[in-house]
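Below is one structure; the comments refer to it alone.
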Amino acid sequence: MGSTTKQHRSDDRLLRHTGRHFLLIGEQVSNDCAIDKTGLMPGPLWHAPQDPCPLINRDDMIRKGADLNSMLERVRAKWPAQVDVLLPVDYLCDEQCPVVRDGAWLYIDGGHFSVAGARYMGDRAETAFIKLIRAAPLDLEARP
């Protein structure tokens with residue numbers, strides 16, 4: 001038996017027989033902006049404003065994350081009672097994906113949120129997080 005088959009059986013046991021729920025996070029919305037982290041930090045002296053970053057097109061981010069996100073959707077389809085998928089592009093982006101929102105930088109680099117970005121994402125995805133937290137354990141007796 002190949003290692004891939006063993007891994008799939010292990011995954012199946014983990015997902016079907018533990019009664020747990022999982023939230024898989026899809027491709028991160030990233031940017032190619034040169035962000036000066038030290039310029040974003042509070043300090044005793046004024047920092048010169050950073051150059052604006054271009055907006056990121058939502059459709060471009062969907063295409064960029066298509067492979068990973070479709071794989072996660074296949075996992076959800078296999079275990080719909082145990083797995084949910086959160087796609088950041090659905091929460092961070094409207095037609096465009098901002099790097100700065102209301103004067104606050106959402107990122108500290110190309111792919112990591114600032115505190116403001118984490119709050120923004122958390123606020124917009126709150127229902128998905130609450131659904132995971134409130135998910136009742138699965139009734140293992142009723143499952144095959």
Side-chain angles (χ1 to χ4, degrees), residues 1-139 143:
M1 180 176 351
S3 64
T4 304
T5 303
K6 287 180 185 177
Q7 183 63 46
H8 284 253
R9 286 186 180 169
S10 175
D11 293 345
D12 193 59
R13 277 192 301 274
L14 173 69
L15 289 167
R16 288 196 188 278
H17 302 294
T18 63
R20 295 182 182 165
H21 295 265
F22 298 87
L23 179 64
L24 304 179
I25 309 294
E27 179 75 29
Q28 170 68 329
V29 174
S30 58
N31 65 78
D32 293 325
C33 193
I35 298 172
D36 175 15
K37 287 187 228 182
T38 58
L40 298 177
M41 296 171 63
L45 301 175
W46 174 82
H47 297 287
Q50 295 192 48
D51 292 333
C53 291
L55 292 174
I56 304 155
N57 183 285
R58 175 188 171 85
D59 293 335
D60 291 344
M61 287 308 307
I62 290 171
R63 280 189 292 278
K64 179 181 177 230
D67 290 342
L68 173 64
N69 294 340
S70 65
M71 182 270 300
L72 296 177
E73 292 294 347
R74 287 190 304 273
V75 172
R76 174 177 34 194
K78 187 171 181 180
W79 295 290
Q82 295 91 352
V83 175
D84 285 309
V85 175
L86 184 148
L87 301 178
V89 70
D90 291 340
Y91 296 92
L92 293 172
C93 307
D94 295 315
E95 286 185 28
Q96 303 291 324
C97 308
V99 175
V100 177
R101 181 109 181 148
D102 298 328
W105 287 78
L106 302 180
Y107 295 88
I108 59 170
D109 59 25
H112 294 93
F113 288 129
S114 64
V115 171
R119 285 184 178 150
Y120 182 70
M121 174 66 181
D123 288 347
R124 293 195 73 172
E126 180 179 15
T127 55
F129 297 131
I130 289 172
K131 180 181 176 187
L132 175 70
I133 292 166
R134 290 186 176 163
L138 297 173
D139 182 0
R143 299 204 60 88

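All values below were derived from every heavy atom in this structure, side-chain atoms included, with hydrogens, water molecules and symmetry-related copies excluded.
When every heavy atom of Gln28 is checked against every heavy atom of Lys64, the shortest pair comes out as O-NZ, 4.4 Å. Shortest non-hydrogen contact noted between Met61 and Val29 is CE-CA, 3.5 Å. Heavy-atom minimum distance, Asn31 versus Asp109: ND2-O, 3.4 Å. Trp105 approaches Ala116 most closely through the heavy-atom pair O-CB, 3.7 Å. Of all non-hydrogen atoms in Gln96 and Pro98, the two that sit nearest each other are O-CD, 3.6 Å. A pairwise comparison of heavy atoms in His21 and Leu132 identifies O-CD1, 3.8 Å as the closest pair.
Between the CE atom of Met71 and the CD atom of Glu73 there is a distance of 10.5 Å, given to the nearest 0.5 Å. Here the CG atom belonging to Leu106 is positioned 12.5 Å from the CZ atom belonging to Arg119, to the nearest 0.5 angstrom. Rounded to the nearest 0.5 angstrom, Asn69 CG and Arg74 CZ are separated by 10.5 Å. Note that CG of Asp84 is 11.5 Å distant from CZ of Phe129, once rounded to the nearest 0.5 Å. Rounding to the nearest 0.5 Å gives a distance of 8.5 Å between SG of Cys97 and CG of Asp60.
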Side-chain atoms of residues 85-94: list all donor-acceptor pairs with protein atoms under 3.5 Å, sequence neighbours left out, distances to 0.1 Å.
{"residue": "Asp90", "atom": "OD1", "partner": "Arg58", "partner atom": "NH2", "Å": "3.2"}
{"residue": "Asp94", "atom": "OD1", "partner": "Arg124", "partner atom": "NH2", "Å": "3.2"}

If you apply the rule side-chain contact (heavy atoms from CB on, under 4.5 Å), what do you find for Val99 with Ile56, and how did you get there?
CA-CA 8 Å; Val99 175; Ile56 304 155; 3.9 Å; yes
